[in-house]
Asks: 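Input: one structure, supplied below.
We number each residue from 1, following the sequence as shown.
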Amino acid sequence: KEGVSNGKGGITVPYVFRSNPEELFSSIIGSSTPYSDLFALSASSLPIPAANASSPTLQSPNSSTVQPSIPSSSIFQKIPNKQHLENKVPTQEVNLYCSFEEIFGGCTKQIKVLRKKLLLDGKTVSPEEKLFTIEVNPGWKTGTKITYPKEGDQLPNHIPGDLVFVLREKPHPRFIRENNDLVYTANLSLADALCGCAIDINTLDGRILPIGISEVASIGGSKVIPNEGMPNPKDPKQRGNLIIKFNIAFPLHLTMHQKDALRKIMPASASEK
């Protein structure tokens with residue numbers, strides 16, 4: 001039975017709280033969550049923080065990119081509303097120029113980027129210069145894109161734009177790149193083309209590669225040296241070829257004695273037979 005004897009033959013019924021505690025708290029304080037206004041104000045006035053810049057994504061030419069979602073560390077961040085999701089700042093692209101030597105062996109590049117930074121009031125935009133460090137892997141091709149999500153320009157009521165570095169190859173004085181092959185043009189005299197010769201080629205990794213040409217070099221002809229090209233980006237241990245193209249320089253003038261000597265040693269043409 002409920003209650004306690006009161007010593008007089010009766011029962012004292014204990015006090016039971018039957019009201020809604022949240023409603024009681026709200027009637028006194030004015031809100032069921034006294035900190036809600038503070039957090040709502042902070043969330044609406046602060047810009048949506050950018051993702052961690054240490055996790056870029058890579059896109060090779062003619063391929064798609066999958067960007068991982070990176071959680072924010074801000075305690076004030078709230079889920080963006082529909083307007084935020086529909087308004088993202090355009091992507092900012094920056095060219096990343098590398099020499100053949102840097103691409104051949106891989107390198108670390110540092111580049112400063114000027115971007116628009118949204119201040120804490122959520123309205124004012126100020127220019128900011130930030131230093132980014134990019135690890136270039138051996139064999140990367142021109143057009144390769146390295147994406148830093150939400151590290152681009154910032155604007156009020158917008159999701160920050162992405163920052164994309166696009167690899168660009170600097171022109172090389174000796175080589176032309178064709179996929180993973182390196183093309184080298186060897187300038188030969190007519191005598192070298194006919195009689196053979198040896199040429200030395202300075203490679204991208206600092207070696208001197210001696211090449212012997214014993215066959216008759218024809219106009220538009222070439223010689224292929226396996227595994228002396230660029231590394232394969234997917235497997236740097238695999239390399240393309242070095243293609244040596246022949247550029248034959250013909251003499252502008254010949255003396256009569258030289259012409260007679262050539263006629264004696266060169267095979268006769270079909271019309272003379």
Asks: Phe100: what forms a ring pair (Phe, Tyr, Trp, His ring centres under 6.0 Å) with it, not counting sequence neighbours?
Replies: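 Residues passing ring pair (Phe, Tyr, Trp, His ring centres under 6.0 Å) with Phe100: His172.
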Asks: Going by the rule side chain to side chain donor-acceptor pair (under 3.5 Å), which residues pair with Asp192 if we only count those two or more places apart in sequence or in a different chain?
Replies: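 For Asp192 the side chain to side chain donor-acceptor pair (under 3.5 Å) partners, ignoring immediate neighbours, are Ser189.
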Asks: List, by chain and number, the other hydrophobic cluster members for Val164, where Ile, Leu, Val, Met, Phe, Trp and Tyr join if side-chain heavy atoms come within less than 4.5 Å, directly or indirectly.
Replies: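 Noted: Val164 shares its cluster with Val166.
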Asks: Kindly determine whether Asp121 and Lys123 satisfy salt bridge (Lys or Arg N to Asp or Glu O under 4.0 Å), including the steps that lead there.
Replies: CA-CA 6 Å; Asp121 61 5; Lys123 300 178 180 179; over 6 Å; no
Asks: Take a 6.0 Å sphere around CD1 of Ile208 and say whether it holds more than 12 heavy atoms from other residues, nucleotides or ligands.
Replies: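 No, not enclosed.
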Asks: As a quick check of understanding, evaluate salt bridge (Lys or Arg N to Asp or Glu O under 4.0 Å) for Asp162 and Lys88, giving each step before the final call.
Replies: CA-CA 9 Å; Asp162 297 338; Lys88 183 174 181 178; 3.3 Å; yes
Asks: How about Asn95 and Arg168: does a side-chain donor come under 3.5 Å of a side-chain acceptor?
Replies: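 Arg168 and Asn95 do have a side-chain donor-acceptor pair below 3.5 Å.
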Asks: With the threshold set at 4.0 Å, does a side-chain nitrogen-carboxylate oxygen contact exist between Arg177 and Glu169?
Replies: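 Yes.
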Asks: Can a side-chain donor-acceptor contact be found between Lys141 and Asn179 if the only test is distance below 3.5 angstrom?
Replies: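 There is such a pair (donor and acceptor under 3.5 Å, judged by atom type) between the side chains of Asn179 and Lys141.
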Asks: Is it the case that the side chain of Arg239 and the backbone of Met230 share a donor-acceptor pair, with hydrogens and angles ignored and the cut-off at 3.5 Å?
Replies: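 Here the side-chain-to-backbone pair does not exist.
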Asks: Count the heavy atoms belonging to other residues, nucleotides or ligands that lie under 6.0 Å from CD1 of Ile176, then report whether that count exceeds 12.
Replies: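 Not more than 12 within 6.0 Å, no.
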Asks: Quick one: ring pair (Phe, Tyr, Trp, His ring centres under 6.0 Å) partners of Phe246, sequence neighbours excluded?
Replies: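 Testing Phe246 for ring pair (Phe, Tyr, Trp, His ring centres under 6.0 Å), a comparison that skips the adjacent residues, returns none.
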Asks: Please round to the nearest 0.5 Å and tell me the distance separating atom CG of Asp235 and atom CG of Asn180.
Replies: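 Output value for this atom pair is 10.5 Å.
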Asks: Could you point out which residue of Glu151, Glu129, Gln92 forms a side-chain hydrogen bond (donor to acceptor under 3.5 Å, both in side chains) with Arg115?
Replies: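 Per the side-chain hydrogen bond (donor to acceptor under 3.5 Å, both in side chains) rule, the option paired with Arg115 is Glu151, out of Glu151, Glu129, Gln92.
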Asks: For a 4.5 angstrom cut-off between non-hydrogen side-chain atoms, does Tyr97 reach Ile111?
Replies: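 When only atoms from C-beta onward are counted, Ile111 and Tyr97 do not touch, as no gap falls below 4.5 Å.
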Asks: Is any side-chain heavy atom of Asn187 closer than 4.5 Å to a side-chain heavy atom of Thr185?
Replies: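 A side-chain contact under 4.5 Å exists here.
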Asks: In the structure I gave you, are the side-chain heavy atoms of Leu167 and Cys98 within less than 4.5 Å of one another anywhere?
Replies: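 Result yes, sub-4.5 Å side-chain heavy-atom pair found.
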Asks: Give a yes or no on this: more than 12 heavy atoms of other residues, nucleotides or ligands lie within 6.0 Å of atom NZ of Lys245.
Replies: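 Open: at most 12 neighbouring heavy atoms sit under 6.0 Å from NZ of Lys245.
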Asks: Mind checking side chain to side chain donor-acceptor pair (under 3.5 Å) for Ser126 and listing every partner two or more places apart, or none if nothing turns up?
Replies: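 Applying side chain to side chain donor-acceptor pair (under 3.5 Å) to Ser126 gives none.
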Asks: Would you mind listing every salt bridge (Lys or Arg N to Asp or Glu O under 4.0 Å) that reaches into residues 96-108, with sequence neighbours excluded?
Replies: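 Residue pairs with at least one partner in residues 96-108: Glu102-Lys109.
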Asks: Counting N and O atoms only, with roles assigned by atom type, does the side chain of Asn241 sit under 3.5 Å from a partner on the main chain of Ile243, one being a donor and the other an acceptor?
Replies: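 Flag not set: sc Asn241 to bb Ile243 has no pair under 3.5 Å.
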